[in-house]
Undergrad: 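Below you will find the structure I want to go over with you.
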Number of protein chains: 2
Amino acid sequence: MTKEEDILKKHISKHRLKVTKERYAVLKAFMALERHITAEELYRHMKDKGASVGLATIYRTLNLFCESGLAEQRQFGDGQARYELTYNVNHHDHLICRQCNKIIEFENREIEKLQEEVAKKHHFKIFSHRLELYGTCATCTKNNK
Amino acid sequence: MTKEEDILKKHISKHRLKVTKERYAVLKAFMALERHITAEELYRHMKDKGASVGLATIYRTLNLFCESGLAEQRQFGDGQARYELTYNVNHHDHLICRQCNKIIEFENREIEKLQEEVAKKHHFKIFSHRLELYGTCATCTKNNK
DNA sequence: TCTAAATTGAGAATCATTATCATAATCAAT
DNA sequence: ATTGATTATGATAATGATTCTCAATTTAGA
């Protein structure tokens with residue numbers, strides 16, 4: 001049993017939910033795939049692999065992952081939610097290429113520190129944040145020439 | 001004529017669009033209202049004031065404002081786009097209270113500078129970014145006790 | 001094994017936003 | 001000012017992502 005399965009199982013029993021093969025199947029597929037996947041992409045992928053699960057269940061299960069702390073949902077402004085595993089992953093932010101949709105992750109402790117200062121100045125208790133830089137990636141910039 | 005009207009007019013003539021009373025009415029109402037307004041809120045407000053304009057036109061006009069550089073659209077994750085006048089306004093980011101939905105603006109040049117460094121490191125050409133801090137504001141924190 | 005409670009899948013419902021299209025308004029040239 | 005071409009408007013339909021509904025199925029625990 002992977003650590004992620006263990007976390008999911010603990011969340012499930014804590015909330016008197018039930019362990020199902022669908023939930024394991026979604027977790028397995030989710031872990032095997034690229035980060036920042038949409039529900040639709042995950043659905044298609046599982047269907048192609050013969051591990052079909054209803055789309056509604058994909059959504060429900062991804063939300064369950066978020067509630068259990070395994071994953072996070074992101075909105076990059078294209079109208080579809082994206083999900084990424086965050087268990088055992090350092091917090092990071094994103095660079096998004098508007099031309100090829102490439103997503104690059106970055107970490108910057110200095111920025112985080114400054115954010116905390118801003119929050120403190122306004123007496124805000126922060127529980128999450130997001131920082132996204134939109135632009136054109138190196139490859140696309142080169143190809144544009 | 002306000003400076004904003006002037007900008008809109010220039011954008012309109014540059015793109016061979018047309019000046020209409022609806023566009024002026026929306027601009028007037030938009031400028032008079034609080035920042036970070038939704039299309040629906042603007043629509044309701046104008047209806048109540050007797051300056052009724054169709055909802056589709058509100059959307060079209062707000063997008064026109066964004067194209068002309070007068071306004072920007074924001075997504076704070078509640079499923080509705082919000083718009084704010086940005087002409088002659090310094091760039092800023094947002095603190096968002098998840099309890100009372102209050103939105104506080106802040107400016108931080110140091111964070112911006114660090115963002116530029118991150119972009120440079122990844123050879124990204126940035127044309128926009130967004131930074132949002134989600135949490136509980138001072139008032140709500142106090143009231144929770 | 002039995003039963004209560006949770007889960008699933010299919011499709012309906014929802015909600016914000018955009019598209020459609022007939023009618024009306026605007027603009028530029030006369 | 002009138003005309004003609006083009007764009008804008010408003011009402012409503014359409015869209016697309018996500019959630020809800022509900023009957024049938026599966027799970028957990030006694």
Side-chain angles (χ1 to χ4, degrees), chain A residues 5 8-30 36-47 49-68 71-83 101, chain B residues 5 8-30 36-47 49-68 71-83 101:
Chain A
E5 283 172 359
L8 180 60
K9 214 169 165 180
K10 277 192 179 127
H11 178 85
I12 284 175
S13 71
K14 188 174 172 187
H15 293 81
R16 290 174 208 189
L17 307 177
K18 289 175 179 177
V19 172
T20 67
K21 45 188 166 311
E22 286 85 358
R23 284 174 175 169
Y24 274 129
V26 174
L27 181 58
K28 194 178 163 194
F30 184 50
H36 314 110
I37 201 172
T38 65
E40 187 73 30
E41 284 166 352
L42 188 50
Y43 171 71
R44 285 263 161 73
H45 183 267
M46 292 183 72
K47 203 166 191 178
K49 292 272 176 185
S52 195
V53 166
L55 182 56
T57 300
I58 300 274
Y59 275 104
R60 284 186 285 234
T61 308
L62 285 170
N63 287 334
L64 182 67
F65 293 170
C66 291
E67 284 156 21
S68 69
E72 276 178 35
Q73 194 198 63
R74 312 232 178 244
Q75 295 282 354
F76 291 148
D78 62 349
Q80 284 167 87
R82 289 165 190 281
Y83 298 83
N101 297 311
Chain B
E5 282 173 357
L8 179 60
K9 213 170 165 183
K10 278 194 179 125
H11 177 85
I12 283 175
S13 70
K14 188 174 172 187
H15 292 81
R16 292 175 207 188
L17 307 177
K18 290 175 178 175
V19 172
T20 67
K21 45 187 166 313
E22 287 85 357
R23 286 176 174 163
Y24 274 128
V26 174
L27 180 58
K28 193 179 165 194
F30 184 51
H36 314 110
I37 201 170
T38 66
E40 187 73 31
E41 284 166 352
L42 187 50
Y43 172 69
R44 284 262 161 71
H45 183 268
M46 290 184 73
K47 204 168 191 176
K49 292 272 176 182
S52 194
V53 165
L55 182 55
T57 298
I58 298 275
Y59 275 104
R60 285 186 284 235
T61 308
L62 286 171
N63 287 333
L64 182 68
F65 293 170
C66 291
E67 284 155 22
S68 69
E72 276 177 36
Q73 194 198 63
R74 314 234 176 241
Q75 296 282 354
F76 291 147
D78 62 348
Q80 284 168 87
R82 287 166 191 281
Y83 299 82
N101 297 313

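Here is how names work: the chains are called A, B, and so on, in the same order as the sequence lines, proteins then strands, and each is numbered from 1.
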Undergrad: Categorize A/A81 for me: base, sugar-phosphate, or nothing, with a 4.0 angstrom heavy-atom threshold over every strand shown.
TA: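 Sugar-phosphate contact only.
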Undergrad: Taking the six-membered ring for Trp, are A/F65 and A/F30 ring centroids under 6.0 Å apart?
TA: yes
Undergrad: Measure from OH on B/Y83 to C1' on C/dA16 and round the result to the nearest Å.
TA: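 Nearest whole value for this atom pair: 10 Å.
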Undergrad: How close do A/I58 and A/V53 get, counting heavy atoms only, and between which atoms?
TA: CG1-O, 4.2 Å
Undergrad: Describe the nucleic acid contact of B/D78 in one word from base, sugar-phosphate, nothing, applying a heavy-atom distance below 4.0 Å.
TA: nothing
Undergrad: How about A/Y43 and A/K47: does a side-chain donor come under 3.5 Å of a side-chain acceptor?
TA: yes
Undergrad: Taking B/R23 for its side chain and B/K9 for its backbone only, find out whether a donor-acceptor pair lies under 3.5 Å.
TA: no
Undergrad: Can you find a heavy atom in the side chain of A/E5 that is under 4.5 Å from one in the side chain of A/L27?
TA: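 Counting from C-beta outward, A/E5 and A/L27 do come under 4.5 Å.
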Undergrad: Take the protein atom CG of B/L55 and the nucleotide atom P of C/dC15, then report the distance between them rounded to whole Å.
TA: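 After rounding, the gap between these two atoms is 14 Å.
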Undergrad: Here's a test of your reading of the structure: between A/R23 and B/G79, which maps to the more 5' nucleotide of DNA chain C?
TA: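 Comparing both residues, the 5'-ward one is A/R23.
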Undergrad: Rounded to whole Å, please give me the gap between CZ in A/R82 and P in D/dT18.
TA: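 Checked: the CZ to P distance equals 10 Å.
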Undergrad: Would you say B/L64 and B/L17 make side-chain contact, with heavy atoms under 4.5 Å?
TA: yes
Undergrad: Atom CD of B/E67 and atom P of C/dT18: how far apart are they, to the nearest Å?
TA: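 These atoms are roughly 11 Å apart.
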Undergrad: Going by heavy atoms in the side chains, are A/K10 and A/K14 under 4.5 Å from each other?
TA: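 Heavy-atom side-chain distance check fails, nothing below 4.5 Å.
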Undergrad: Scan nucleotides 19-30 of chain C nucleotide by nucleotide, 5' to 3', and note B when protein non-hydrogen atoms come under 4.0 Å of the base, S if they reach only the sugar-phosphate, - if neither.
TA: BB----SBS---
Undergrad: Taking CD from A/Q75 and C1' from D/dG16, how many angstroms apart are they, rounded to a whole number?
TA: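 Going from A/Q75 (CD) to D/dG16 (C1'), I get 13 Å.
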Undergrad: Quick one: A/Q73 CD to D/dA17 P, roughly how many Å, whole number?
TA: 14 Å
Undergrad: Would you mind reading off the distance between A/N63 atom CG and C/dA6 atom P, rounded to a whole angstrom?
TA: 18 Å
Undergrad: In whole Å, I'd like the distance from the OH atom of B/Y59 to the C1' atom of D/dA8.
TA: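 The answer, rounded to whole Å, is 19 Å.
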